[in-house]
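Working notes for the structure below.
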Amino acid sequence: MSIKIHDSAVRRIVQLETAEPGRVSMYVCGPTVYGFVHVGNARTFVWFDMIRRYLIYRGFDVTYVLNYTDVDDKIIDRARLEKITPEELASDCGRAFEQDMAALGVRPPDILCKATDHIAEMVNAIEGLVDKEFAYEADGDVFFAIERFAGYGSLSHRSIDDLRAGERIEPRASKRHPLDFALWKSAKEDEPSWSSPWGPGRPGWHIECSVMSVKYLGMGFDIHGGGSDLVFPHHENEKAQAEALTASKPFARHWMHSGMVQTESEKMSKSLGNVVVAHDVLARLPGEVVRYWALSSSYRSQVLFSEPVLHDAEQGYARWKTFFDAARYALGDEFPVRPDAPVRRVGEEGDGLVARFIESLDEDFNSARAFATIHDLVREGNKHLDATQRGDTEARATLIDATAAFLELTSVLGFSFTDTNAEGSGLRDQLIEYLLELRTEARGEQAFERADAIRVRLSDMGVVIEDTASGPRWRVSDEGR
RNA sequence: GGCGACGUGCCCGAGUGGUUUAGGGAGCGGUCUGCAAAACCGCGUACACGGGUUCGAUUCCCGUCGUCGCCUCCA
């Protein structure tokens, strides 16, 4: 088990070194629940889901923690706008998030934690930081004093001077240093608040992740993930808080950051107003297609979200699904439902395609290469379809191997294929079969017009007919589901 | 201004100091088919530009140009 990852703290590819052999603890910054997540968000969560699945596949015992930031200025503002309470808004958006994630094949985390369930722990942590003089109070607010923490900026590779040079906002007058950030914000009128030694208020943005990650995984947990726009200030601040409070380090052993999604030539971002909400995309495309798009290039690179790119994903995924359907038809009862023993010898050269798949993902999760091996697997399987249907037992054995490997590898990537034909009623199937009989008869009589008419009508209803060596095969397309 | 990433064939997108092709999409040609569809086979000889290192660079180094990200809430 030798897995390499790009660690953004050191900016290079390193060996994954976990605190305990065979176990991986990972914390990923989840959504701020005040609206639907956009596809950039979604891509990050799909990616960490895949990483989690892969680590499990490679034998690690993985603990995956995801948080909801459910107390925040934007939640308060939006709730006010919609005339509902912030709690209602947060729980609605949490539910919507879970729906979207389910559609994308993202498994729920092992631990889902919410900021509002950890206010007391956060207050405790802030008190600790004040005691140790890493933080100070000013008019009911509490700030973290970055100058007191040696090494501030080390995660994002910035010096305090560099950061000041790029300042774009007027610093608060009550801060001692312009880059000091809020741990606790005093409540204004009509805002949700909790009591604290500094008066009623709510926690600042970063503290919840420090507190919750350490609570559930302990200092020195293995992987901290999120989008690359969180490196500074969010992750830098999380790290400073946690290491200052516990007087120990590291906060996280490895940091992984996913690249930003862009539309046209701009980053997709809520503040730029150019977001495409995942919910809308999922309303018109299967989640698998979006997942295919998300995973078909490196998690670290910036990627484009556009119609042509979605089309590529749609076609690529369709190739897999078509193979699945064809293999199911050709193999019948011998279709490998769940591969118990991994098949490692398909595509016989070297160690085969499964080995190449593993080798690829071991190297900082090179999913593009992993996808290529699955496409090769599909080609290998497709080559043996016709012969299988003609009764060639050797071809059949190869097809079974290829299919088993295909199912295994795609499931590692989080794709599950379902037999769309099986979703209908027995009556429907009988009717389709009957129409196929009529069509076969017509073809026998050279009445091709009649035969083609049946095919067209069925196709309009979402039932695709394909003539094969051993007779016509039908399948229900996505439109027909 | 500081920090960083990237620039690969029509498009998306891996990768490598030379010997063997990433892969997908689109296109063209072929096989199969009554016709389709699916599938399979074949094809395009790509690595921003200019220097340098090297026997040899798309791959290393320097520079130029360009694109994008972070430095503000953001996945």
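In the text below, chain A, chain B and the rest are named by the order of the sequence lines, each starting its count at 1. What you see below is based on every heavy atom in this structure, not just the backbone, and it leaves out hydrogens, waters and symmetry mates.
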Using the [atom1] atom as the reference point in each nucleotide, state the distance between [N] and [M] in Å, no decimals.
| N | M | atom1 | value |
| --- | --- | --- | --- |
| B:G30 | B:G7 | C1' | 36 Å |
| B:G34 | B:C47 | C1' | 47 Å |
| B:C10 | B:G18 | C1' | 29 Å |
| B:U19 | B:A57 | P | 12 Å |
| B:G44 | B:A22 | P | 11 Å |
| B:C32 | B:G17 | P | 44 Å |
| B:G42 | B:C35 | C1' | 24 Å |
| B:G24 | B:A14 | C1' | 11 Å |

Please verify the inter-ring angle class for [X] with [Y]; under 30° counts as parallel, over 60° as perpendicular, anything in between as tilted.
| X | Y | value |
| --- | --- | --- |
| A:Tyr317 | A:Phe417 | parallel |
| A:Phe221 | A:Phe251 | perpendicular |
| A:Trp47 | A:Tyr299 | tilted |
| A:His279 | A:Phe36 | parallel |

Per the side-chain contact (heavy atoms from CB on, under 4.5 Å) rule, which among A:Val276, A:Val277, A:Leu282 passes with A:Asp280?
->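 Filter result, single survivor: A:Val277.
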Mind checking if [X] touches a base, just sugar-phosphate, or nothing, with heavy atoms under 4.0 Å?
| X | result |
| --- | --- |
| A:Ser298 | sugar-phosphate |
| A:Phe448 | base |
| A:His257 | nothing |
| A:Gly40 | base |
| A:Val261 | base |
| A:Pro31 | nothing |
| A:Asp72 | nothing |
| A:Gly225 | nothing |
| A:Ser306 | nothing |

Quick one: [X] [atom1] to [N] [atom2], roughly how many Å, whole number?
| X | N | atom1 | atom2 | result |
| --- | --- | --- | --- | --- |
| A:Met260 | B:C71 | CE | P | 10 Å |
| A:Leu230 | B:C71 | CG | C1' | 14 Å |
| A:Leu155 | B:C3 | CG | P | 17 Å |
| A:Glu288 | B:G24 | CD | P | 21 Å |
| A:Phe365 | B:A14 | CZ | P | 16 Å |
| A:Asp312 | B:G27 | CG | P | 12 Å |
| A:Phe357 | B:A14 | CZ | P | 16 Å |
| A:Arg11 | B:C70 | CZ | P | 14 Å |

Ignoring the backbone of [X], work out which of [options] is nearest its side chain.
| X | options | answer |
| --- | --- | --- |
| A:Thr32 | B:A75, B:C71, B:C12 | B:A75 |
| A:Ala368 | B:C3, B:A22, B:C68 | B:A22 |
| A:Met268 | B:G15, B:C71, B:A75 | B:A75 |
| A:Phe232 | B:C71, B:A22, B:A14 | B:C71 |

Measure from NZ or CZ of A:Arg78 to the centre of the six-membered ring of A:Tyr34, then state whether that distance is under 6.0 Å and the direction lies within 45° of the axis.
->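 Not flagged: A:Arg78 not positioned over aromatic ring of A:Tyr34.
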OP1 or OP2 of B:A26 under 4.0 Å from side-chain N/O of A:Gln315 |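 Yes, within the criterion.
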Would you tell me if any nitrogen or oxygen in the side chain of A:Lys267 comes within less than 4.0 Å of OP1 or OP2 on B:C70?
->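 Yes.
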Donor-acceptor pair between [X] and [Y] side chains, under 3.5 angstrom:
| X | Y | result |
| --- | --- | --- |
| A:His257 | A:His235 | yes |
| A:Thr44 | A:Ser258 | yes |
| A:Glu288 | A:Trp320 | no |
| A:Glu238 | A:Ser210 | no |

What do you reckon, is CD of A:Glu394 surrounded by more than 12 foreign heavy atoms closer than 6.0 Å?
->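 Counting neighbours around CD of A:Glu394, 12 or fewer heavy atoms of other residues, nucleotides or ligands fall under 6.0 Å, so no.
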In which ranges does RNA chain B form stems of 3 or more consecutive Watson-Crick or G-U pairs, distances under 3.5 Å?
->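 Counting only runs of 3 or more consecutive pairs, the stems involving RNA chain B are B:1-7 with B:65-71, B:10-12 with B:23-25, B:27-31 with B:39-43, B:48-52 with B:60-64.
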Starting from the 5' end of RNA chain B, give me the residue, A:Ala42 or A:Arg300, whose nearest nucleotide shows up first.
->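 With A:Ala42 and A:Arg300 compared, the 5'-side residue is A:Arg300.
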Name the residue closer to the 5' end of RNA chain B, choosing between A:Asp376 and A:Arg158 according to the nucleotide with the nearest heavy atom.
->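 It is A:Asp376 whose nearest nucleotide is closer to the 5' end.
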What does nucleotides 35-41 of chain B look like as a protein-contact string, B for base, S for sugar-phosphate only, - for none, at under 4.0 angstrom between heavy atoms?
-> BBBSSSS
Out of curiosity, A:Trp255 CH2 to A:Ser156 OG, how far, rounded to the nearest 0.5 Å?
->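 The OG atom of A:Ser156 is 10.0 Å from CH2 of A:Trp255, to the nearest 0.5 Å.
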